[in-house]
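When a ligand or atom number is given, it counts from 1 through the structure's own listing order. Keep in mind the model is a prediction, meaning the values are calculated, not measured.
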Amino acid sequence: MSRIQSDVMRELLKVYFIAGSVNGKKDLVSIVEEAIDGGVTLFQYREKGNGALTGDAKYELAKRVQELCKRKNIPFIVNDDVDLALELDADGVHIGQEDEAAASVREKIGDKILGISVHTLEQAQKAAAQGADYFGVGPIFSTQSKADARDAQGTALIELFKNHKIETPIVAIGGITAENTPPIIKAGADGVSVISAISQADSVYEAAKKLKEAVFQTV
Ligand code: TZP
Ligand code: MG
């Protein structure tokens, strides 16, 4: 295997759904299935927040969602938990600045996809050197889905990266909906990642479809 090519990564980032057992109104597997049918291009299992599963229950749920993703041909990324990603042979890992050092994660996961959340140009340059396949940038808007989220920053950092010719693919995060997606893509993000816009929707299928349309209709 070799590292994912950036043009392939850019396509996968277009409609990136993130969720764990606490984020939806029903069973996570059925939410992810509907979301994929609606147009999600990449999935991240993020088991965090009040009441989040741990141990065997976390592993079992992750495995069920991973099997669904495999069947639907959608890569499966694990948030933070490098050991879980390795145990499951997941397609990748997403880490933040407070997690295990990127260089060490890259060493452990080989050529699997490595996503890194970055908040400054310096962090982006370092993360690229340490082997990031994509950057998560946000929160763009304020969010209810992350307890320790930073202040909303709009699209300024995405624009800065573009002005500095940063070539690593970028996915935006934080308070994103189909309605507020166009300026994010216009600013240079390759895609949008969401928790609540899909997981909390009355129709998960329709929500994913609307997001997909918003991304693909913006040029
Ligand atoms: N990182 C920055 S904002 C955020 C994460 C994980 C939460 C995004 O959730 P939502 O519901 O799409 O605002
Ligand atoms: Mg993290």
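Under a cutoff of 6.0 Å and an axis angle of 45°, Lys14 and Phe216 form a cation-pi pair.
In terms of the side-chain contact (heavy atoms from CB on, under 4.5 Å) criterion, residue partners of Thr155 (sequence neighbours excluded) are, by chain and number, Ile140, Glu159, Ile184, Ala187.
Looking at Lys112 and Asp89, a side-chain N of the basic residue comes within less than 4.0 Å of a carboxylate O on the acidic one, giving a salt bridge. Asp37 and Lys209 are not joined by a salt bridge, as no carboxylate oxygen comes within less than 4.0 angstrom of a charged side-chain nitrogen. Salt bridge absent: Lys58 and Asp56 never bring a charged side-chain N and a carboxylate O closer than 4.0 Å. Comment: Asp133 engages Arg3 in a salt bridge, judged by a side-chain N to carboxylate O separation of less than 4.0 angstrom. Asp27 and Arg64 are joined by a salt bridge, as a carboxylate oxygen and a charged side-chain nitrogen come within less than 4.0 angstrom of each other.
For ligand 1, the protein residues placed under 4.0 Å by at least one non-hydrogen atom are Arg46, Thr143, Ser145, Lys146, Ile173, Gly174, Gly175, Val194, Ile195, Ser196.
Closer than 2.8 Å to the Mg ion (ligand 2) sit the protein N, O or S atoms Asp80 OD1, Asp99 OD2.
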Using atom types as modelled, flag every donor-acceptor pair under 3.5 Å from a side chain in residues 190-204 to any protein atom, sequence neighbours excluded.
| unit_1 | atom_1 | unit_2 | atom_2 | d |
| --- | --- | --- | --- | --- |
| Asp190 | OD1 | Arg10 | NH1 | 3.3 |
| Asp190 | OD2 | Arg10 | NH1 | 3.0 |
| Asp190 | OD2 | Ile170 | N | 2.8 |
| Ser193 | OG | Ala172 | O | 2.8 |
| Ser199 | OG | Asn23 | O | 3.0 |
| Ser199 | OG | Ile195 | O | 3.1 |
| Gln200 | NE2 | Asn23 | O | 2.5 |
| Asp202 | OD1 | Lys25 | NZ | 3.2 |
| Ser203 | OG | Glu206 | N | 3.0 |

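A 4.5 Å side-chain heavy-atom check between Asp81 and Val93 finds every atom pair outside the cut-off.
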